[in-house]
Every structure is written in C-alpha cells, then in structure tokens.
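Worksheet: the structure to be examined is printed underneath.
Labels below follow one simple rule: chain letters A, B, ... track the order of the sequence lines, proteins then strands, and each chain is numbered from 1.
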Amino acid sequence: MPELPEVEVVRRGLSAHVLGRTIEHVDVAHGRAVRRHVAGPSDFADSLVKAVFTDARRRGKYLWLPLDDGVRAVVGHLGMSGQLLVQPAAVPDETHLRIRFVFADGDPQLRFVDQRTFGGLAVAELGPGGVPVPIAHIAPDPLDPAFDDEAFRLALGRRRTGVKRALLDQSLISGVGNIYADEALWRAKLHYARATETLRRPDVARLLAAVREVMGAALAQGGTSFDSLYVNVNGESGYFDRSLDAYGQEGRSCRRCGTPIRRDPFMNRSSYTCPRCQPRPRHARW
DNA sequence: CGGAGCTCCTGGGGGC
DNA sequence: TGCCCCCAGGAGCTCC
C-alpha cells in the first residue's frame, strides 16, 4: 500500500529523527527482512555498527539512508505492510518487529516492522547521482526534478501495453501503485486498458498532471491508510483515503457524473473506474 | 529484450 | 462458533 506519498511521509520522519546519530547495534529478528542483503543478516548488522546516517532520500517507493563513509547506504522498501517507527526502548516489541537499530545516544530506537514481509532493508553501495546500485533501474518519480516528461511520453509510444500497466512499471515512472494509478486515471478520464501507443501528447500531459495532483493532495493529508498498516514514523495514519474518487469505491457514485464506480479484476488485483468518464477503449490492452 | 504471469507473505473478513 | 478460503499487493523472477 505505501506508494510515493506515504514513503515521502516516512522519509521526512526519518530525516527528523535519525540523522547524525551513531548506530550502536542492530538486531535482525527475521532474516527475510534483509533477504536483499546478499552477505546475510549478520553481515547486515555488523557492517552498520558505529555508522552514522547522514541523509534520508527517496526515489519512487524506495528509501535510503546514506552513511557517513560516503559510499554506502541502508536501502529500504516498505512492500505492502512495512513500517519504520521511531520508538523509545521501553515500548514493547511489536508483534512483527523485524529489525531494530539501537543508537549510541539512547532513545528513540528505529524499528522496521512488517507483517507481510514483502518489504526489507539492505546495505548497498552508492552509484552515480548518489543512487544505490540495486535501484539504478528505478526511474525517477514524477515529483523528482530529474523526471523527463517528454522521455516518458516517447517511452509510452514504444510500449505495447495498457496505460495502467505502464504506470505501475517502476522502470518507466516510479512511485505509482494501484491506488494512485486508479486515482490518476480517473482524474485524467483514461481507461486502464488504453493502449499506450494511442496516447496523444495532451493525454500524457493530462495523465502526468493528474498523477502529480493526486500525489500532492495525498502528501498534504499525510498519505492514505485503510487498515493502519501504513503509518508515519510516529505510528500515525494519514487520511487521504477519505478523498479517494475511484480506488475502493465500487458501487459508489462517481463524483463527476454520478455513475456507479465499477471494479474489474486486473493483474490478480482490482481496477476501479467510472464506466462513463473512463469508457473502455475499442482496442483494449492489459 | 519486452510483455505477461507467477510468487513471496499474513491477517482480516466473508461464507458456510 | 469455528474453519476454510480468498483477498490485498510491490517487484523480482521466469518463461515465451
């Protein structure tokens, strides 16, 4: 569930609470949470002792905390249910606590909690632009000044797929997941199965504007939450879910035209559309 | 190599 | 009440 706005909320929290602090030790309670750290759980923990987090960065749904050696970072992805929490040591361990960072200056600890274990952390080398090597294939996100609208439009023209699949492809545009894809498509009045190569310049411009608008609005409300699995570093949920126009709104009236929102199976998940504002194209691709 | 489908995981919720 | 099954989903991987 955490998509760009939720991850950005977490990044800001980390920036406020863990920068400049020296790591005293690290506990890995569940090996799966560091499965992307190739050298293994004990190497993950050992290699971080005495290191200092110097920054908190993000690209799409990935977060990373560069270290004071200037060449490495702790890279993280929240997956479906990952949480990075700042907690005093006295707070009992969460049921799904996976990784704990204890700092030399005492409270608070940094805890990675993850029920479904799709998320995880790893130590990685930094590459060009200070981006960790393992996420070099992730495209800039639409809120990044490095995002190239025209390059994105041209890439869509070369693709032979549906526009929602393209939006979810993190190597084309990062940070968009199922929720914000449906919201942006609703705002842009595009059906998810619209073939990417048929999108005209104004369609792509409208789509990117919609993505940026909905993410900006969500960020202003602290992100989206459904079941409090997603929270900021203080354990608080955002409330953008109250503002959703399409995602999860099956049967509710479209805010623009009153037609009931429809749910379709899509990639073993769901897509929500207004059948009137977002008519299915003749030559659908998905 | 692009596109599509599979898989990892767990708790909540619906159905019987 | 209890049990079973489905569902949610990001992204790496595999297969064609």
Side-chain angles (χ1 to χ4, degrees), chain A residues 1-8 10 29-38 58-64 75-84 94-99 112-122 124 131-141 152 154-185 192-198 211 215 218 223-231 237 241 244 246-251 263-272 283-286:
Chain A
M1 298 246 184
E3 302 181 30
L4 188 153
E6 292 76 35
V7 179
E8 175 59 17
V10 172
H30 195 306
R32 186 170 154 81
V34 294
R35 67 193 178 285
R36 301 283 169 211
H37 187 84
V38 271
R58 182 189 56 72
R59 170 173 280 193
K61 305 171 199 171
Y62 279 93
L63 282 167
W64 70 96
V75 186
H77 196 292
L78 301 177
M80 278 288 295
S81 55
Q83 306 175 339
L84 282 161
E94 294 77 6
T95 306
H96 303 293
L97 174 67
R98 309 304 191 193
I99 302 168
F112 180 68
V113 176
D114 190 8
Q115 177 201 107
R116 293 176 211 172
T117 68
F118 277 25
L121 304 182
V131 176
V133 172
I135 63 169
H137 64 292
I138 300 294
D141 62 63
F152 177 66
L154 293 171
L156 290 180
R158 290 189 295 267
R159 284 296 174 109
R160 292 295 177 267
T161 190
V163 64
K164 183 169 172 180
R165 276 188 183 274
L167 277 179
L168 297 176
D169 184 339
Q170 305 296 302
S171 67
L172 282 180
I173 178 172
S174 68
V176 184
N178 205 36
I179 298 170
Y180 295 107
D182 280 3
E183 292 301 299
L185 291 167
Y192 58 84
R194 174 75 176 269
T196 52
E197 75 272 23
T198 69
V211 169
M215 286 184 165
T224 300
S225 159
F226 299 96
D227 51 13
S228 63
L229 272 182
Y230 160 67
V231 291
S237 293
D241 50 307
L244 295 174
Y247 183 85
Q249 306 301 306
E250 183 179 16
R263 173 185 171 277
D264 292 332
F266 178 86
M267 294 170 75
N268 285 327
R269 315 191 159 78
S270 298
S271 273
Y272 298 89
H283 303 292
R285 260 190 218 282
W286 68 92

Between the two end axes of the helix from B:dG2-C:dC16 to B:dC16-C:dG2, each built from 5 base pairs, what angle do you get to the nearest 10°? 50°
Does some side-chain heavy atom of A:V75 sit less than 4.5 Å from a side-chain heavy atom of A:L63? no
Are the side chains of A:M215 and A:V176 in touch, meaning some heavy atoms are under 4.5 Å apart? yes
Starting from [atom2] on [N], measure out to [atom1] on [X] and report it in whole angstrom.
{"X": "A:M80", "N": "C:dC7", "atom1": "CE", "atom2": "P", "answer": "14 Å"}
{"X": "A:D182", "N": "C:dG10", "atom1": "CG", "atom2": "P", "answer": "11 Å"}
{"X": "A:H77", "N": "C:dA11", "atom1": "NE2", "atom2": "P", "answer": "3 Å"}
{"X": "A:R165", "N": "C:dG10", "atom1": "CZ", "atom2": "P", "answer": "13 Å"}
{"X": "A:E3", "N": "C:dG10", "atom1": "CD", "atom2": "C1'", "answer": "10 Å"}
{"X": "A:N178", "N": "C:dC7", "atom1": "CG", "atom2": "P", "answer": "14 Å"}
{"X": "A:Q115", "N": "C:dG10", "atom1": "CD", "atom2": "P", "answer": "15 Å"}
{"X": "A:N268", "N": "C:dC6", "atom1": "CG", "atom2": "P", "answer": "12 Å"}

Atom NE2 of A:H137: over 12 foreign heavy atoms under 6.0 Å: yes
Short N/O separations, protein against nucleotides 14-16 of chain C, under 3.5 angstrom:
none

State plainly whether the residues [X] and [Y] are in salt-bridge range, i.e. N to O under 4.0 Å.
{"X": "A:R285", "Y": "A:E197", "answer": "yes"}
{"X": "A:D141", "Y": "A:K61", "answer": "no"}
{"X": "A:D169", "Y": "A:R159", "answer": "yes"}

So what does A:H30 hit on the nucleic acid, given a heavy-atom distance under 4.0 Å: a base, only sugar-phosphate, or nothing?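 Here A:H30 touches no strand at all.
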Sugar-phosphate, base or nothing in reach of A:Y62, heavy atoms under 4.0 Å: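 A:Y62: backbone/sugar contact only, no base atoms under 4.0 Å.
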Can A:F118 be classed as stacking with the base of C:dA11, given a centroid separation cut-off of 5.5 Å and a plane angle cut-off of 30°? no
Its 5'-most and 3'-most nucleotides having an atom under 4.0 Å from a non-hydrogen atom of chain A, DNA chain B is contacted over B:dG3 to B:dG11
Taking the side chain from A:Q83 and the backbone from A:S81, do they hold a donor-acceptor pair closer than 3.5 Å?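 Side chain of A:Q83 to backbone of A:S81: no pair is present.
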Is the backbone N or O of A:T198 less than 3.5 Å from a side-chain atom of A:R194, with the two atoms forming a donor-acceptor pair by type? yes
Would you mind telling me which residue lines up with the more 5' stretch of DNA chain B, A:R32 or A:R285, judged by nearest nucleotide? A:R285
Applying salt bridge (Lys or Arg N to Asp or Glu O under 4.0 Å) as the test, list every pair that has at least one member in residues 172-182 of chain A; sequence neighbours left out.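 For residues 172-182 of chain A, and leaving out neighbouring residues, the salt bridge (Lys or Arg N to Asp or Glu O under 4.0 Å) pairs sorted by first residue read A:K164-A:D182.
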Pairing residues for A:A33 by the side-chain contact (heavy atoms from CB on, under 4.5 Å) criterion, not counting sequence neighbours: A:R98, A:I99, A:F112
With sequence neighbours left out, what residues match A:T95 under side-chain contact (heavy atoms from CB on, under 4.5 Å)? none
Using only side-chain N and O atoms of A:R263, determine if any of them is under 4.0 Å from OP1 or OP2 of C:dA8. yes
Among A:R116, A:Q115, A:H30, find the residue that satisfies the side-chain contact (heavy atoms from CB on, under 4.5 Å) test when tested with A:H96.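 Only one of A:R116, A:Q115, A:H30 forms a side-chain contact (heavy atoms from CB on, under 4.5 Å) with A:H96, namely A:Q115.
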